[in-house]
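Worksheet: the structure to be examined is printed underneath.
Remember, it's a predicted structure, so these values are computed and weren't measured experimentally. When a ligand or atom number is given, it counts from 1 through the structure's own listing order. Starting from 1, each residue takes its place in the sequence as its number.
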Amino acid sequence: MTGSDPLRLYRTVRLIRRFEERAIELVRAGQIVGGIHPYLGQEGIAAGVCAALDREDLVTGTHRGHGHVLAKGADPARMLAELCGRVTGLNRGRGGSMHAADFGVGVLGANAIVGAAGAILTGAVWERRRRGADIVGVTFFGDGAVNEGMLLEAFNLAALWRVPVLFVCENNGYATTMPVEGAVAGTIAGRAAAFGMPAAAVDGQDPEAVREVTAAAVARMRAGGGPELVEARTYRFDAHHTFEHQVRLDYRPPEEVAEGRSRDPVDIAGARLDPAVRAEVDAAVEAELDAAVEYALAGPHPDPATALDHLYASGLTARTGGG
Ligand SMILES: Cc1ncc(C[n+]2csc(CCOP(=O)(O)OP(=O)(O)O)c2C)c(N)n1
């Protein structure tokens, strides 16, 4: 299903919004250790991009990655259990917020290393296509990643080998506290041009606009075209990381935050629905998340004695220190 579907887009942005708000509550309750990077405000990008993909298409995300995993179709309950470090989580509670993956829906993982996910995705799509799979891939990254060597190397190989990868830059204006103007020489689209890749800019707050631009790029890629770049302009509504709720970092003027928050993807997508339908979706999302929280908190924590299990695909048992 890749055509226009306002109900589906609204449901996805609303699910991500409420998932993140519930996750923040669980951080405060001490159930999610280490905190999270909330995706609040950027939901329209994951929702719009993933609505233009098939289940088999591959995705890699970022440290701010919950929205990417959910929009591609992972089960919110198992995702929340993963964040809570439970055995019942998507990755047995061993990946957590920044390494959650669900290969069953094509999510190769969120990724804590800024800029790394593009290289992983490029290699994975190239390998699958060599084995005959008719798939494309999308990798998400922030404006802070556009000067990372790994990402630029991925641009180069994807363009050289015509790997059908859509590079989606979520430009929220900041890398932690660093404004994009203070860090990025030239332009983000200009980096694509340097490798001969087409680039487009889109309003990341409007999931339908994001879906359209993605669907067009994906159609070109499925027809044999090479990689492309989309710069989705957005705004992060909350902290860089939940730790910031405890320390005041004075890097965004209040007027700018208010202006950024005034363009809310949940409202933009919601305005396209009949209010009664919107209320039904909200209630269904709430019920799903109530059940997800219950499921997440009911799961056991992994046994520390199994900490070294699953480290190697080959099944080799890792040596313990000094062993
Ligand atoms: C290679 C690398 N360098 C630095 C960091 C520390 N770090 C984590 S998030 C972040 C900012 C990333 O900014 P951006 O890519 O714009 O994404 P955003 O946080 O705005 O979503 C940094 C520098 C890291 N995780 N990996």
Side-chain angles (χ1 to χ4, degrees), residues 13 16-17 19-20 23-24 27 34-50 59-71 83 95-101 109-122 138-155 166-192 201-205 210 229-245 247 249-253 256-257 260-261 263 265:
V13 288
I16 301 171
R17 170 66 51 91
F19 181 95
E20 292 295 67
I24 290 170
V27 170
I36 60 166
H37 298 83
Y39 194 61
L40 298 171
Q42 304 185 199
E43 299 92 340
I45 304 174
V49 165
C50 293
V59 161
T60 56
T62 66
H63 54 286
R64 200 176 303 291
H66 307 166
H68 313 135
V69 179
L70 292 172
L83 266 51
S97 167
M98 285 194 283
H99 299 98
N111 199 303
I113 317 285
V114 171
I120 293 169
L121 197 263
T122 301
V138 174
T139 185
F140 297 91
F141 54 94
D143 45 279
V146 302
N147 303 317
E148 289 288 346
M150 264 181 300
L151 185 64
L152 298 170
E153 289 176 40
F155 284 4
L166 186 63
F167 292 96
V168 176
C169 179
E170 301 188 276
N171 183 357
N172 62 16
Y174 291 85
T176 315
T177 58
M178 170 65 84
V180 66
E181 309 81 50
V184 178
T187 62
I188 293 169
R191 283 157 174 69
V202 68
D203 174 8
Q205 303 312 91
V210 174
L229 183 144
V230 168
E231 179 187 353
R233 308 235 169 93
T234 185
Y235 199 75
R236 161 163 63 71
F237 284 9
D238 200 274
H240 167 72
H241 183 271
T242 44
F243 182 61
E244 205 183 305
H245 294 159
V247 285
L249 297 177
D250 207 4
Y251 60 97
R252 302 196 298 184
E256 181 197 291
V257 176
R261 292 179 71 110
R263 300 209 60 248

Study note, to complete from the structure: Minimal heavy-atom distance between A117 and G61, with the atoms involved, is CB-O, 3.3 Å

**Study point:** Partner residues of H245 under the side chain to side chain contact (heavy atoms under 4.5 Å, CB included) criterion, sequence neighbours left out
**Key:** I24, R28, D238, A239, T242

Review point. Backbone, side chain, both or neither: what part of A112 comes under 4.0 angstrom of ligand 1, heavy atoms only?
Key: backbone

Exercise for review: Please state which part of H63 comes within less than 4.0 Å of ligand 1, counting heavy atoms only: side chain, backbone, both or neither.
Suggested key: side chain

Review point. Based purely on interatomic distance, does D143 place a nitrogen or oxygen under 3.5 Å from a nitrogen or oxygen of ligand 1?
Key: yes

Check your understanding: In terms of atom number and element, which parts of ligand 1 are under 4.0 angstrom from non-hydrogen atoms of A145?
Key -> 15 (O)

Check your understanding: In the protein, what heavy atom is nearest to atom 15 (O) of ligand 1, and what distance, to one decimal place, separates them?
Key -> G144 N, 3.2 Å

Check your understanding: Aromatic ring centroids of H68 and F140 under 6.0 Å?
Key -> yes

Check your understanding: Under the 4.0 Å line, does any protein heavy atom show up next to atom 24 (C) of ligand 1?
Key -> yes

Review point. Heavy atoms, side chains only, cut-off 4.5 Å: are V146 and F167 in contact?
Key: no

Check your understanding: Are any of the N/O atoms in V114 less than 3.5 Å from those in ligand 1?
Key -> yes

Check your understanding: When rounded to the nearest 0.5 angstrom, what is the spacing between CD1 in I188 and CZ in R233?
Key -> 7.5 Å

Review point. Nearest protein heavy atom to atom 21 (O) of ligand 1, by residue and atom, and its distance?
Key: R64 NE, 2.8 Å

Review point. Would you say the side-chain atoms of R191 and N147 include a donor-acceptor pair closer than 3.5 Å?
Key: yes

Point to revise | Positive for side-chain hydrogen bond (donor to acceptor under 3.5 Å, both in side chains) with Y235, one of E256, R261, Q42, R263 | key: E256

Review point. Ligand 1 versus F141, non-hydrogen atoms closer than 4.0 Å: side chain, backbone, both, neither?
Key: neither

Check your understanding: Is Y251 atom OH crowded by more than 12 heavy atoms from other residues, nucleotides or ligands, each under 6.0 Å away?
Key -> yes

Review point. Does R236, backbone or side chain, put an N or O under 3.5 Å from an N or O of ligand 1?
Key: no

Practice item. For H240, check side chain to side chain donor-acceptor pair (under 3.5 Å) against everything at least two apart and list the hits. Key: R64

Review point. Relative to the heavy atoms of G142, which atoms of ligand 1 are at a distance of less than 4.0 Å?
Key: 14 (P), 15 (O), 16 (O), 17 (O)

Study note, to complete from the structure: the protein heavy atom lying closest to atom 10 (C) of ligand 1 turns out to be T176 OG1, 3.5 Å

Check your understanding: Do H37 and ligand 1 have an N or O pair less than 3.5 Å apart?
Key -> no

Point to revise | Residue and atom name of the nearest protein heavy atom (relative to atom 3 (N) of ligand 1), distance in Å to one decimal | key: E148 OE2, 4.2 Å

